[in-house]
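A quick write-up on the structure given underneath.
Computed from heavy atoms alone, side chains included, the values below leave out hydrogens, waters and symmetry copies.
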Amino acid sequence: MVGVVVLAIGDAFSGLIGLRLGKRKVWGKSVEGSLAFFFSTFVVLAPFIGTWKAFLISFISSLVELFSSRLDDNFTVPLTASLLYKILVL
């Protein structure tokens with residue numbers, strides 16, 4: 001479930017912010033969009049799993065999203081978030 005939430009929230013916010021405010025590009029994606037991905041997923045996860053675990057999951061998932069190809073990030077992001085959740089929380 002964490003993987004789906006991270007993808008749904010993070011991808012939506014990164015797309016909105018990245019398309020509207022994105023000026024700096026890294027690997028074809030905007031830095032602003034990646035920051036929006038990180039902050040939006042952190043805000044959603046932190047109340048449920050704690051701040052440092054939410055920080056790690058959000059940070060690593062945002063890096064995976066940034067460096068994945070456009071077609072792959074819909075697979076790699078939820079997989080990464082789910083595996084990190086299993087390692088850190090369960």
Given the rule that I, L, V, M, F, W and Y join up when any side-chain heavy atoms are under 4.5 Å apart, are [X] and [Y] in one cluster?
X     : Y     : result
Leu56 : Val77 : yes
Phe55 : Leu35 : yes
Phe38 : Val43 : no
Val44 : Val89 : no
Phe39 : Val31 : yes

Approximate separation, where rounding is to 0.5 Å, of [X] [atom1] and [Y] [atom2]:
X     : Y     : atom1 : atom2 : result
Ile9  : Ser58 : CD1   : OG    : 11.5 Å
Ile49 : Leu88 : CD1   : CG    : 7.5 Å
Leu63 : Thr80 : CG    : OG1   : 10.0 Å
Ser61 : Leu7  : OG    : CG    : 9.5 Å
Ile57 : Ser62 : CD1   : OG    : 12.0 Å

So which atom in [X] and which in [Y] form the shortest heavy-atom distance, rounded to 0.1 Å?
X     : Y     : answer
Glu65 : Ser14 : OE2-OG, 4.3 Å
Asp73 : Pro78 : O-CD, 3.8 Å
Glu32 : Ile17 : O-CG2, 3.8 Å

Evaluate the side-chain proximity of [Y] to [X]: yes if any heavy-atom separation is below 4.5 Å, no if none is.
X     : Y     : result
Val64 : Leu79 : no
Phe42 : Thr51 : yes
Leu45 : Val2  : yes
Phe37 : Leu66 : no
Leu84 : Ile60 : yes

Should we say atom CZ of Phe48 is surrounded by more than 12 heavy atoms from elsewhere, each under 6.0 Å from it?
->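 Open.
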
Has Lys25 got more than 12 heavy atoms of other residues, nucleotides or ligands less than 6.0 Å from its NZ?
->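 Enclosed.
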
Give a yes or no answer on whether the side chain of Lys29 reaches the backbone of Gly18 with a donor-acceptor pair at less than 3.5 Å.
->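 Not at all, since once roles are kept as given, no pair shorter than 3.5 Å links the two residues.
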
